[in-house]
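Below, chains carry the letters A, B, ... as their sequence lines are ordered, and counting in each starts from 1. The basis for the numbers below is simple: all heavy atoms, side chains too, and nothing from hydrogens, waters or symmetry mates.
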Amino acid sequence: MTKKSAFWLFFIGTVSSAVIFLGLTWDMHRQVAALSHADKLSDKVVAGKRAFEHYNCNDCHTILGFGGYYAPDLTRVEQRIGAEGIRYRLLHPELAFANAPRKMPQQHIPEGEIDNLVTFLTWVGGIENGDWPPQDSKNRLTRGEQRLVAGAAVSPGAAVFQTKGCMNCHSLNGAGGTFGPALDTIGRNLTMEQIEHYVRDPKSVNPKAMMPPQKELSDREREEVAKFLGNLK
Amino acid sequence: MEYRSQRIANWYFTIALLLFVLQVMMGLWLLSNYVFTIPQWLVDRFPFATARAMHTNLLVLWMLLGFMGGTYYIVPEETGRDIWSPRLAWLQLVVLVATGVIALAGFAAGWTKGRPLLEIPPPLNYLVVAGALIFLFNVGMTMFKARRWTVIQGVLLGGLVFLALLYLAGIPFYRNEVIDWYYWWWVIHLWVEGAWELVTGAIMAFILMRLTGVDRQVVEKWLYVEIGLFMFTGIAGTGHHYYWIGAPTYWLWVGGIFSALEPIPILLMVIDTMTYVRHRQVQIANPHTWTLALGCAVFHLIGAGVWGFAHTLPQINYYTHGSQVTVSHGHMAFFGAYALLNITVFYFAMPRLKGIEVYKPTLGKIGFWTMSSAMMLMGITFGIAGVLQSYLERVLGMGYMTAQSYMHLWMTVTLVLGVCFFAGVVITVIDLLFPKPAVKPGGA
Ligand code: HEM
Ligand code: HEM
Ligand SMILES: [Fe+2]
């Protein structure tokens with residue numbers, strides 16, 4: 001090969017790759033509104049994005065898989081722990097993480113901004129991104145869930161337990177969160193009724209409880225999950 | 001040293017080395033956050049996020065200062081002419097270092113743009129741009145006045161202009177998170193797998209030509225082939241970051257295929273380096289500089305080529321994306337490709353700038369082998385933690401913190417290795433700041 005042909009290799013290589021890349025960039029702009037539901041991208045979402053950046057959340061948490069890896073991914077956090085779960089952790093990180101090996105800073109975020117953050121995270125959760133992250137995928141049951149389903153409990157209560165965010169804090173058979181206690185034998189300590197009260201308002205059963213009230217659950221869901229847990233002995 | 005104005009490079013290098021030490025200290029602190037439970041009051045005052053912004057911005061700053069110093073060292077020798085304006089080179093250094101200091105103090109006080117790796121807030125972005133413009137103008141003027149164009153100069157200048165242009169993509173506020181990440185990667189990916197590779201190719205070609213005396217025509221021909229392949233695979237290869245951000249699905253194909261080819265130019269670089277060393281025309285004066293150049297090429301291939309390839313296909317990236325696997329690759333690649341490149345340039349230039357033609361390599365060797373073996377092992381232990389995370393959290397569906405508890409052992413081992421790495425850094429930096437001439441055989 002001569003130096004001249006090497007130059008042409010460089011030139012054609014660069015231009016062809018750039019043409020493909022810029023062409024697809026143009027097409028991405030045409031499609032992104034639909035994929036990200038830009039019609040729901042309100043000013044409140046944008047305000048939430050600004051707050052997300054102002055408090056530098058992204059240097060501990062990933063979102064869409066980018067950022068710091070020190071804390072859980074936030075892409076589907078709203079589906080995972082719900083608006084209340086987010087609010088509680090932002091308002092009282094020193095309580096929420098009192099027993100956790102890693103803490104989150106208390107940044108004294110005003111309630112209005114917390115609201116914006118929740119709106120932003122909810123919007124992000126709706127982005128159609130190829131069903132990532134796998135651990136929050138609704139289409140794929142995790143192995144832990146598969147094991148549960150195949151084992152003791154195909155009951156509606158088990159389904160509530162797996163899909164409504166309980167497992168972010170609690171575990172069964174070693175699968176789930178460590179934030180709250182493992183619940184494998186919870187039925188030995190609490191009756192079904194107590195569990196139902198507890199889920200509705202933890203402080204009514206135990207004044208020192210740190211778990212936030214699960215306001216997102218319907219009455220029926222709460223009953224089912226209490227029935228399921230009450231039988232774990 | 002042949003030109004007086006090359007001396008400015010020494011200041012760029014010295015400051016870069018001090019920032020390198022600070023960067024690694026921050027790295028140790030970050031890892032301590034993984035290994036120990038930091039009390040709430042300290043987390044409130046100095047959270048992980050702030051330290052991470054410092055660790056990564058110090059990294060970028062010292063490496064860019066190193067590239068710029070390297071350019072100021074190389075350009076006079078390539079053009080046969082002093083730097084157009086040494087004063088501007090000074091002004092540029094002051095502007096950039098001042099910006100860096102303000103940015104770091106700002107992070108500590110909570111002033112941030114809040115975009116990972118690009119945390120420097122907008123007003124300071126413009127100072128960075130000003131510094132870059134001064135630099136490009138000064139280098140460009142030197143080349144234009146000299147009118148002794150070489151391919152090495154052209155690639156160097158082209159790479160630096162490309163680098164500066166890409167930085168602009170990271171400045172605006174984007175309303176849509178998807179578009180924000182789309183252009184974030186124009187800075188991050190197109191830097192390390194595009195513009196920085198051009199700069200690296202040019203600098204390596206220059207150093208190898210000087211060290212080995214191999215004919216310029218041969219070196220420049222292969223330089224074209226290398227950067228041609230880098231650009232061809234790297235530009236469209238940006239798509240390997242667009243799999244899961246809410247961009248169209250054709251990126252799975254385009255990103256997967258082009259980025260899977262990215263190791264080829266890196267491999268070519270290793271082959272070229274080895275070939276030049278084998279066909280050298282001159283005596284080896286400083287064998288350690290050769291070791292560094294070869295070490296850089298090989299570690300570049302391992303960290304970027306092998307470790308990058310390992311998680312670049314969408315089928316694998318679905319499980320490893322944004323895990324400690326990413327961290328493992330980020331460290332190996334940045335260290336192998338760009339930290340070692342800078343250190344090679346420093347060892348090539350700094351002793352000579354102090355009038356030492358043949359330097360004593362003892363400390364340099366200890367430093368290099370300590371850093372390289374520690375970083376190789378860190379890459380492996382971060383990697384084990386990452387594979388555990390991908391399996392436990394993403395495949396089994398374990399909760400995030402539960403999975404992290406199984407990784408704790410490996411993060412602890414990494415911290416120990418990190419301390420060894422730090423020792424290697426300190427030895428290297430001391431040796432570079434106070435180089436000793438080699439004792440001539442027979443005594444002097
Ligand atoms: C003792 C040495 C070091 C230690 C212990 C260390 C540790 C760390 C830690 C814990 C993180 C944060 C990862 C996270 O978000 O969870 C990090 C990030 C990072 N470090 Fe280091 N580091 C060290 C040296 C270096 C060196 C020498 C380089 C480059 C040459 C480097 C480049 C980076 C980069 C690029 C990131 C961002 C990674 C990403 O976004 O994937 N670090 N480091
Ligand atoms: C010297 C060149 C390179 C450097 C310095 C480098 C550095 C990095 C860094 C710091 C990240 C993490 C960014 C973040 O999310 O914070 C990253 C991600 C990535 N790199 Fe590289 N890289 C290099 C070359 C390559 C090559 C050649 C390949 C492929 C063959 C590659 C494949 C990847 C992939 C797939 C990711 C995304 C990881 C994820 O999904 O989390 N890299 N790189
Ligand atoms: Fe990349």
With a 4.5 angstrom heavy-atom cut-off, which part of [X] approaches chain B: side chain, backbone, both or neither?
X	value
A/Ser16	side chain
A/Met1	both
A/Phe120	side chain
A/Leu22	side chain
A/Trp8	neither
A/Asn58	both

Would you say [Y] and [X] are linked by a side-chain donor-acceptor pair, where the criterion is simply a distance under 3.5 Å?
X	Y	result
B/Asn57	B/Glu119	yes
A/Trp132	A/Asp73	no
B/Glu226	B/Trp222	no
A/Thr119	A/Thr122	no
A/Tyr69	B/Gln389	no

| In terms of heavy-atom proximity below 4.5 Å to chain A, should B/Tyr400 be classed as side chain, backbone, both, or neither? |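 Looking at B/Tyr400, just its side chain touches chain A.
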| request: Let me know if B/Phe230 has heavy atoms under 4.5 Å from chain A in its side chain, its backbone, both or neither. | output: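 Neither part.
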| said: For A/Glu53, is there an ion pair with A/Arg50 - N to carboxylate O distance below 4.0 angstrom? | reply: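 Not counted as a salt bridge, because no side-chain N and carboxylate O are separated by less than 4.0 Å.
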| For chain A, the option from B/Met231, B/Gln217, B/Arg175, B/Met401 that forms the most heavy-atom pairs under 4.5 Å |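 Of the options given, most contacts go to B/Arg175.
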| message | In this structure, is the centre-to-centre distance between the rings of B/Tyr243 and B/Tyr318 below 6.0 Å? | response |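 For B/Tyr318 and B/Tyr243, the ring centres are not under 6.0 Å apart.
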